[in-house]
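First the structure, in the form of structure tokens, and then the observations on it.
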Amino acid sequence: ELADGTVASGGVKVVGAPIGTDDFVAAFLEAAVNDATEGLRRLSHMPKRQHRLALVQQSFAKRLNHIQRLVPTNAPHLTGHLRQYDDRLAAAAADLVIDRGVFHEQARVLTFLPAGLGGLGIESSLARADAAYLSSYLSATTRLEAIHGGPANLHGGAATVAFGQAASARQRLVAAHPRVDQLLGRISMADAPRRVQSKIMNLVHADDYDSFFAKLSPRDAATVAQAAANPYVVTIVPNGDPSLDLSNAQLATTIARRLCIP
């Protein structure tokens, strides 16, 4: 039985991730997306928009990350599910500014940029797919080599398949972001996979920001630069401190301005 209550055959779940046929893995990921989407749908009933934003950033946007570290979700038969989930995350962001204007494509791009780069700080499941899998693979093989005394015992069978999948993920990342190759040569694979993934994604986001920023109008460029200088306004969580609490109207106005929504 899968996360959304459906049943699939052709594989098993191990430490929270699917192992099996392509159809089974696709069904597993689809069920995980459906389950998370149902949670996002309920989120719209929360009265406090600031709490909704925090839950989307810190919980729902990371919901598929565990699967992505164990399965190469940038495969052609899986990317559609990731794109669908990103659409749901963007819709949750749009719901926060539903009374402030049209949520356009530029606003969507900013939604998935880190707050420190002027964005809303919601992670894209599709954008991180290769970084999540590659970082997990590199960190795991580094530890296995230390245990087994070298890479000689890590070849054959499923290990060879995983090696090919990780190589493809690296190739795609380097093709789109050439500096990733240098980065991987510098960072320690003894770090936790999440830390390695974060370092890769910091570079990916920096490249995406440079490309995006160059196309902005002077007015929007100034708005994004100002937002980048004030990341905490969309990342703070009140936690009982009234001075950090924003009304729904205040938050909607802040986010709309940040997303360049007129």
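Everything numeric in this text was worked out from a predicted model, so none of it was measured.
- A donor-acceptor pair under 3.5 Å links the side-chain atoms of Q50 to the main chain of L246, judged by distance alone.
- Between the CG atom of L89 and the CG atom of L126 there is a distance of 11.5 Å, given to the nearest 0.5 Å.
- A pairwise comparison of heavy atoms in Q57 and T235 identifies OE1-CA, 4.3 Å as the closest pair.
- One finds the CG atom of L113 at 10.0 Å from the CG atom of L120 (value rounded to the nearest 0.5 Å).
- Not one N or O on the side chain of S44 forms a donor-acceptor pair closer than 3.5 Å with the backbone of L40.
- Listed by chain and number, the residues in a salt bridge (Lys or Arg N to Asp or Glu O under 4.0 Å) with R186 amount to none (sequence neighbours excluded).
- For R258 (side chain) and T111 (main-chain N/O), no donor-acceptor pair under 3.5 Å exists by modelled atom type.
- Taking the side chain as every heavy atom from C-beta outward, N34 and Q84 approach each other to under 4.5 Å.
- In this structure, the side chain of S136 does not engage the main chain of A132 through any donor-acceptor pair within 3.5 Å.
- Atom-to-atom distance recorded for I187:CD1 and I200:CD1 is 5.5 Å, nearest 0.5 angstrom.
- When all heavy atoms of V97 and A256 are compared, the closest pair comes out as CG1-N, 3.7 Å.
- One hydrophobic cluster, built from ILVMFWY side chains closer than 4.5 Å, cannot hold both V102 and L259; they sit in different ones.
- Closest heavy-atom contact between P193 and S135: O-OG, 3.5 Å.
- Of all the heavy atoms in I122 and A61, the pair that sits closest is CG2-CB, 3.9 Å.
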Next item on the list: Please report the C-alpha distance between V71 and L78 in whole Å, then the side-chain angles of each, then the deciding distance to 0.1 Å, and finally whether the side-chain contact (heavy atoms from CB on, under 4.5 Å) criterion is met.
Entry: CA-CA 10 Å; V71 176; L78 300 177; 4.2 Å; yes
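- Distance check, rounded to the nearest 0.5 Å: CG of N65 to CZ of R69 gives 5.0 Å.
- A donor-acceptor pair shorter than 3.5 Å cannot be found between the side chains of Q68 and Y133.
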Next item on the list: Show the numbers, then the answer: is there a side-chain contact (heavy atoms from CB on, under 4.5 Å) between F112 and H205?
Entry: CA-CA 9 Å; F112 293 120; H205 286 313; over 6 Å; no
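- Legend: residues meeting side-chain hydrogen bond (donor to acceptor under 3.5 Å, both in side chains) with H177, ordered by chain and number and at least two apart, are D207.
- Considering CG of L64 and NE2 of H81, their distance stands at 11.0 Å, rounded to 0.5 Å.
- The two residues S188 and V196 have their closest heavy-atom pair at O-CG2, 3.9 Å.
- In this structure, the side chains of R88 and V33 stay at 4.5 Å or more apart for every pair of heavy atoms.
- Although no hydrogens or angles enter the test, the distance criterion places a donor-acceptor pair under 3.5 Å between the side chain of T141 and the main chain of L138.
- Looking at heavy atoms from C-beta onward, L82 lies out of side-chain contact with N74 at the 4.5 angstrom threshold.
- With side-chain heavy atoms closer than 4.5 Å counting as contact, directly or through intermediates, the hydrophobic cluster containing L244 also holds Y232, I236.
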Next item on the list: Show your reasoning for whether side-chain contact (heavy atoms from CB on, under 4.5 Å) applies to F24 and V12.
Entry: CA-CA 8 Å; F24 176 78; V12 295; 5.7 Å; no
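- Partners of D191 according to the salt bridge (Lys or Arg N to Asp or Glu O under 4.0 Å) rule, which considers only residues two or more places apart in sequence or in another chain, are R195, K199.
- Under the rule for a side-chain hydrogen bond (donor to acceptor under 3.5 Å, both in side chains), D22 has no partner lying at least two apart in sequence or in another chain.
- Sorted by first then second residue, the ring pair (Phe, Tyr, Trp, His ring centres under 6.0 Å) pairs that include residues 26-51, not counting sequence neighbours, number zero.
- Within the 4.5 Å cutoff, no side-chain heavy atoms of K13 are placed close to those of P18.
- Comment: D181 engages R170 in a salt bridge, judged by a side-chain N to carboxylate O separation of less than 4.0 angstrom.
- For D220, there are no salt bridge (Lys or Arg N to Asp or Glu O under 4.0 Å) partners at least two apart in sequence or on another chain.
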Check: Are L43 and M46 close enough, and set up right, to give a side-chain contact (heavy atoms from CB on, under 4.5 Å), and what steps lead you there?
Finding: CA-CA 6 Å; L43 196 66; M46 287 186 67; 3.4 Å; yes
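- Here CG of L173 is found 13.0 Å from CZ of R179. Values are rounded to the nearest 0.5 Å.
- A salt bridge between K215 and D210 is absent, with no side-chain N of the basic residue lying under 4.0 Å from a carboxylate O of the acidic one.
- Among residues two or more places apart in sequence or in another chain, the side-chain hydrogen bond (donor to acceptor under 3.5 Å, both in side chains) test is passed with Q250 by S247.
- No donor-acceptor pair under 3.5 Å is formed between the side chain of Q58 and the backbone N or O of L53.
- Listed by first and then second residue, the side chain to side chain donor-acceptor pair (under 3.5 Å) pairs involving residues 90-105 are R49-D99, R52-D95, R100-T253 (not counting sequence neighbours).
- Side chain of Q226 to main chain of G118: no donor-acceptor pair is present (N/O by atom type, distance under 3.5 Å, no hydrogens or angles).
- In this structure a side-chain-to-backbone donor-acceptor pair under 3.5 Å is present from N248 to P47.
- Residues that satisfy the ring pair (Phe, Tyr, Trp, His ring centres under 6.0 Å) test with F60, not counting sequence neighbours, are absent from this structure.
- What you find for A190 and T142 is that their closest heavy atoms are N-CG2, 4.5 Å.
- Both V14 and L70 sit in one connected hydrophobic cluster of ILVMFWY residues. Membership requires side-chain heavy atoms under 4.5 Å apart, directly or through other members.
- Residues satisfying the salt bridge (Lys or Arg N to Asp or Glu O under 4.0 Å) test with R143, not counting sequence neighbours, are none.
- The environment of CZ in R194 is sparse: at most 12 heavy-atom neighbours from other residues, nucleotides or ligands sit within 6.0 Å.
- Legend: side chain to side chain donor-acceptor pair (under 3.5 Å) pairs involving residues 117-127, not counting sequence neighbours, sorted by first then second residue: K62-E123, D86-S124, D86-S125, E123-R128.
- Within 6.0 Å of atom CD in Q171, 12 or fewer heavy atoms from other residues, nucleotides or ligands are found, so the atom counts as exposed in its surroundings.
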